Protein chains: 2
Amino acid sequence: MGRTAGRSPEETRRALLTAAGEAIRVRGIHASLDEIARFAGVSKGGLIYHFASKDELIMGLVHAELAAFQASVDAALDPDDTAPGRLTRAYIRAVLTPAGDEARESLALITQLMTLPAVAEVARADAERIDAALAADGLPEDVLALVVAAADGMSSAPLWGASAQTPAHHRLAERLLHLTRHPALWQDLDWPR
Amino acid sequence: MGRTAGRSPEETRRALLTAAGEAIRVRGIHASLDEIARFAGVSKGGLIYHFASKDELIMGLVHAELAAFQASVDAALDPDDTAPGRLTRAYIRAVLTPAGDEARESLALITQLMTLPAVAEVARADAERIDAALAADGLPEDVLALVVAAADGMSSAPLWGASAQTPAHHRLAERLLHLTRHPALWQDLDWPR
DNA sequence: GTCTATAGCTAGATAGAC
DNA sequence: GTCTATCTAGCTATAGAC
């Protein structure tokens, strides 16, 4: 077993990505390779064996985070729900439910990572993909715009240190889900013009 | 006039803050003092004369940005509007109107700056202040939570590279303003429970 | 009021031992 | 597969000239 710590290469890789996420979330994008490596229980040289450069490590982290967010949306899909808006409901749940803490932390982390142009481009492409999927989810676009904007707004509140965990916010989340099932409620309101 | 560039100290300070904002928005928080200084047309030594350290420069920038956002909300206040929700309407307009491009760029910049704990603390306190002011604006809290979340969500879309400039988003902005004037529309909907 | 020069530090990356 | 040692670059901040 030599100098290995009893971990498989894949486990070490995952540990390094987790450590990088944690370090960057806390210390910002300046977190050094040294810190990240120590946090994962290897040396800087060990890190460099798995990720040839900091850029490579960060891009690996970005892909892992985007995949994790997609996975949380998939996990929030209700198999019994085949009505229009099912993906939108999963999106809202993934972004807002308590179990979606990781999703919100991911957003905070991605925001840090977007300092790098290469990351911004990947994130933009991913956002476009999600938008397209939501647009094809069968909801009237006005209702979709409302519920997605409101869910995004609530989920981004922690970025400013504010809380979106008041009773009013919980009611709002429920009502957004309700609107996806009864879009006419919103569309038939007495709007001007 | 010696070596001065024909600018007053205040002008130089403002130029440095503007340059710092631009540089950090584009290059991230790592933007060097050298870059910032050159962008403002002074040398690094000149920058350090006005801001003793990078931290001081950044905190100066943060305060300027938060003040600018507050000013854009104030400017969006309609003097003829004395009905409940007038501040909320100004907030929505400041965050969403085309003239609020700067507001959105400010958000992007603040997000970069929040890497630093000291900045995060200042931003959190500012967000709390704004939340308190909005809470005292006379709207039912359910309606307030909805319109603020939706406005925040639309304004944060550019962070992910997505666009909130579709016709549906413009309609949504109008409807949010409308709801602040007729909160019963939302409250009297046929909600479950 | 702004500049040059440079000290001093930290980080990323490489080489090679084990 | 992981570690230590070291090289090199880039950054902040200081000292002092102009």
Side-chain angles (χ1 to χ4, degrees), chain A residues 1-62 109 112-113 115-119, chain B residues 1-62 109 112-113 115-119:
Chain A
M1 179 165 295
R3 292 194 177 207
T4 79
R7 281 195 295 216
S8 74
E10 274 75 39
E11 284 168 338
T12 304
R13 251 187 86 100
R14 291 184 71 84
L16 283 166
L17 288 175
T18 302
E22 189 64 27
I24 292 175
R25 213 176 342 257
V26 174
R27 304 256 345 244
I29 193 73
H30 300 94
S32 73
L33 295 185
D34 225 354
E35 287 178 286
I36 294 170
R38 270 199 300 269
F39 200 85
V42 300
S43 70
K44 183 163 60 163
L47 187 161
I48 289 294
Y49 172 79
H50 290 280
F51 297 94
S53 69
K54 189 173 184 177
D55 273 8
E56 204 175 302
L57 172 64
I58 286 179
M59 291 311 290
L61 179 57
V62 168
L109 176 57
Q112 299 280 353
L113 296 172
T115 309
L116 309 169
V119 175
Chain B
M1 181 165 295
R3 293 194 175 208
T4 77
R7 281 194 296 217
S8 74
E10 274 74 38
E11 283 169 338
T12 303
R13 252 186 85 99
R14 290 186 71 83
L16 283 166
L17 288 174
T18 303
E22 189 64 27
I24 292 175
R25 214 181 334 263
V26 174
R27 304 250 349 236
I29 194 73
H30 298 94
S32 72
L33 295 185
D34 224 355
E35 288 178 287
I36 294 169
R38 270 198 300 270
F39 200 85
V42 302
S43 70
K44 182 165 57 165
L47 187 161
I48 288 294
Y49 172 77
H50 290 281
F51 296 94
S53 69
K54 188 174 185 177
D55 274 7
E56 204 175 301
L57 173 64
I58 286 179
M59 290 312 289
L61 179 57
V62 169
L109 174 57
Q112 299 282 349
L113 295 172
T115 310
L116 309 169
V119 176

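Lettering of chains follows the sequences in order, A, B, ..., and the numbering in each one begins at 1. Since the model is a prediction, treat every value here as computed from it, not as a measurement.
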- Message: Please give me the minimum heavy-atom distance between Ile36(A) and Ala23(A), naming the atom from each residue.
- Response: CG1-CB, 3.8 Å

- Item | Close side-chain approach of His30(B) to His30(A), heavy-atom, < 4.5 Å | yes

- dist Ser43(A):OG -> Leu33(A):CG (nearest 0.5 Å) comes out at 11.0 Å

- Message: Can you identify which nucleotide, out of dG12(C), dT2(C), dT6(C), has its nearest atom closest to the Lys44(A) side chain?
- Response: dG12(C)

- Message: List the residues meeting side chain to side chain contact (heavy atoms under 4.5 Å, CB included) with Arg14(A), not counting sequence neighbours, and say none if there are none.
- Response: none

- Item | Residue pair Phe51(B) / Met59(B), side-chain heavy-atom distance below 4.5 Å | no

- Nearest heavy-atom contact between Leu57(A) and Leu16(A) is CD1-O, 4.4 Å

- Task: Taking side chain to side chain donor-acceptor pair (under 3.5 Å) as the test, write out the residues that go with Glu35(B), two or more places apart.
- Result: Arg27(B)

- Note on the structure: Considering only heavy side-chain atoms of Ser43(B), the closest of dC3(D), dT2(C), dG1(D) is dT2(C)

- Quick one, which residues of residues 45-52 of chain B touch DNA chain C with a heavy atom under 4.0 Å? Gly45(B), Gly46(B), Tyr49(B), His50(B)

- Note on the structure: Expected list for residues 32-40 of chain B near DNA chain C, using heavy atoms below 4.0 Å, is none

- Kindly indicate whether the side chain of Val62(B), heavy atoms from C-beta on, has any atom under 4.5 Å from the side chain of Leu116(B). no

- Strand contacts (DNA chain C) in residues 53-60 of chain A, 4.0 angstrom heavy-atom criterion: Ser53(A), Lys54(A)

- Item | Closest approach of Ala40(A) to Ala15(A) (non-hydrogen atoms, all atoms of both residues) | CB-O, 3.7 Å

- Message: Distance check, rounded to the nearest 0.5 Å: Leu61(B) atom CG versus Leu109(B) atom CG?
- Response: 5.0 Å

- Query: Would His50(A) and Val42(A) satisfy side chain to side chain contact (heavy atoms under 4.5 Å, CB included), going step by step from the backbone distance to the final call?
  - Reply: CA-CA 11 Å; His50(A) 290 280; Val42(A) 300; over 6 Å; no

- Message: Rounded to whole Å, please give me the gap between NE2 in His30(A) and C1' in dA11(C).
- Response: 11 Å

- Task: Sequence neighbours left out, what pairs pass salt bridge (Lys or Arg N to Asp or Glu O under 4.0 Å) with at least one residue falling in residues 37-55 of chain A?
- Result: Asp34(A)-Arg38(A)

- Angle of first-five versus last-five pair axes in the helix from dG1(C)-dC18(D) to dC18(C)-dG1(D), to 10 degrees: 10°

